[in-house]
Amino acid sequence: MRNDAERYQRLKSEDPQLYRLLEGQIHAESTTLKMIPSENYVRFAVLEATGSILTNKYCEGYPGARYYEGNEIMDEIESLAIERAKSLFGAEHANVQPYSGSPANQAVFRALCRPGDKVMGMPVPQGGHLTHGWGVSFSGSDYTQIPYGPDPETGILDYDEIREIARRERPRMIIVGGTSYPRVFDYHVFDEIAREIDAYLVADIAHINGLIVAGAHPDPVPFCDVVSSTAHKMLRGPRAGFLLSKIEDRYHEKYHAKSRFNLAKRIDRAVFPALQGGPHMNVIAAMAVAFREAATEEFRQYGHQVVKNCRRLAEGLLERGHELASGGTDNHLLVMDLRKSQFTGKEVAKALADAGIICNFNMVPGDHRKPAVTSGVRMGTPALTTMGMKEAEMDRIAGWIDVVCRSLPDCEETAQRVRNEVAELCLQYEVPGIGRWVEQSEVVQGTF
Ligand code: DSN
């Protein structure tokens with residue numbers, strides 16, 4: 001069935017060169033396992049809103065206070081997205097204009113801190129994000145990162161140590177969140193620590209947004225001054241960011257006595273006009289679509305299935321003798337720990353990709369290898385669960401990962417065999433946002 005290919009006919013006739021590239025990606029994504037934990041499949045409705053004529057409109061400002069005329073409908077769209085975000089997360093205030101997660105975090109720093117301030121965050125090699133104070137990003141060069149991270153032995157956060165660092169360093173802000181931490185965050189303890197030293201508490205939930213709304217991970221919103229997120233990843237929205245916050249600043253007198261703006265207003269002003277220009281209204285509309293979907297019972301079940309699938313995948317790997325950072329997972333991702341292996345994360349990730357299993361190499365706690373090669377492979381289940389896969393498929397996938405790893409370094413033949421089996425499995429599903437593009441016969445003929 002190739003009906004879905006008809007969606008891009010205008011692109012095909014007007015720009016065949018670009019169309020061929022798009023088709024190549026669709027072909028690849030139809031026949032491989034999307035296991036990078038920050039990736040997912042959005043529904044057609046999200047693609048339609050993103051690709052709509054709303055991309056044509058400029059509307060700097062916020063609903064009811066724009067710098068351009070003709071924005072009555074834009075006001076309604078942005079207000080809808082804001083209301084849905086607030087309702088979905090139970091937040092007092094929402095800003096849906098950040099272009100993505102990094103700009104959202106930049107706005108948080110600007111709204112809460114001054115350049116040079118100490119900010120506690122996890123370094124990238126320990127599972128944090130570039131914008132949590134890592135040196136090569138604005139957050140590390142304009143502010144001072146006070147690092148904390150998982151114990152190198154257990155791979156798990158040591159809250160006593162975090163409390164000790166916070167007491168000693170007294171940072172202005174503590175950021176809780178990560179890109180490769182396979183366990184839950186205890187926001188209650190972080191809140192206690194932050195209160196003790198009058199620090200702002202910020203949760204970056206980009207990776208776990210969908211788990212939180214599904215009730216499959218603790219909720220940071222009641223504890224945090226600000227919560228930042230992307231709209232994509234598990235939430236299955238467009239590539240964008242958003243911010244949730246309290247309205248009032250509990251430390252206004254201490255840190256912002258000279259400002260006449262409350263916390264919500266400072267967040268808004270940090271996004272626009274301080275850091276960004278015109279909001280991307282097509283993307284904000286798509287965000288509203290995604291927020292609506294995320295509020296459904298179907299999505300709640302999806303979030304729980306993501307975790308069940310990831311746990312089963314982890315068990316499948318552990319049973320076959322592989323080691324995992326922190327010994328397993330409580331969320332949507334796991335990290336294979338290859339510190340004792342002769343093969344690097346980069347080598348294993350490449351072999352798995354050749355077999356149609358798309359993951360990424362990643363540092364593990366206590367890694368002795370360089371970031372360009374690493375001792376870890378990060379993988380997750382959000383996209384596979386969106387496809388409809390369950391525990392039985394996770395068992396099969398763990399088996400494939402195992403045979404590919406065992407066939408290194410001469411893994412070409414094994415990778416090709418697994419590649420065929422992976423494609424056959426993928427083609428049993430209708431990929432959301434893609435549909436059925438590749439035919440089973442192409443796999444049989446080996447033309448994928
Ligand atoms: N690039 C994202 C990830 O893969 O985790 C984080 O923003």
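We count ligands from 1, going down the list as the structure has it; atoms in each ligand are counted the same way. Quantities reported herein were computed from a predicted structural model and do not represent experimental measurements.
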>> Going by salt bridge (Lys or Arg N to Asp or Glu O under 4.0 Å), name the pairs with one or both residues in residues 303-312, residues two or more places apart or in two chains.
In response: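 Sorted result for residues 303-312: Arg311-Asp330, Arg312-Glu315, Arg312-Glu319, Arg312-Asp395.
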> Does ligand 1 have any atom sitting under 4.0 Å from a heavy atom of Glu39?
Replying inline: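 Judged by the 4.0 Å heavy-atom criterion, Glu39 does not count as contacting ligand 1.
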>> Which label fits Phe190 and Tyr159: parallel for a plane angle under 30°, tilted from 30 to 60°, or perpendicular past 60°?
In response: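 Rings of Phe190 and Tyr159: perpendicular, as their planes differ by over 60°.
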>> Below 4.0 angstrom, counting only protein heavy atoms, does anything approach atom 4 (O) of ligand 1?
In response: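 When distances to the protein are checked, atom 4 (O) of ligand 1 has a heavy atom within 4.0 Å.
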>> Quick check: Thr179 and ligand 1, any N/O pair under 3.5 Å apart?
In response: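 Such a contact does not occur with ligand 1.
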Would you mind running through ligand 1 and noting each atom that sits below 4.0 Å from a heavy atom of [X]?
X: Ser38; result: 3 (C), 4 (O), 5 (O)
X: His207; result: 3 (C), 5 (O)
X: His129; result: 6 (C), 7 (O)
X: Arg378; result: 3 (C), 4 (O), 5 (O)

> For the side-chain hydrogen bond (donor to acceptor under 3.5 Å, both in side chains) test, which of Gln305, Glu298, Glu297 pairs with Gln301?
Replying inline: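 Single side-chain hydrogen bond (donor to acceptor under 3.5 Å, both in side chains) partner of Gln301 among Gln305, Glu298, Glu297: Glu297.
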> Under a 4.5 Å cut-off applied to non-hydrogen side-chain atoms, are Arg396 and Leu425 in contact?
Replying inline: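 In short, these two side chains touch, coming nearer than 4.5 Å.
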>> I'd like to know if Lys265 and Asp268 make a salt bridge, using a cut-off of under 4.0 Å between side-chain N and carboxylate O.
In response: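 The answer is no: the pair does not qualify as a salt bridge.
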>> Let me confirm one number: the CG-CG distance from Asn209 to Asp204, rounded to the nearest 0.5 Å.
In response: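 These two atoms lie 9.5 Å from each other.
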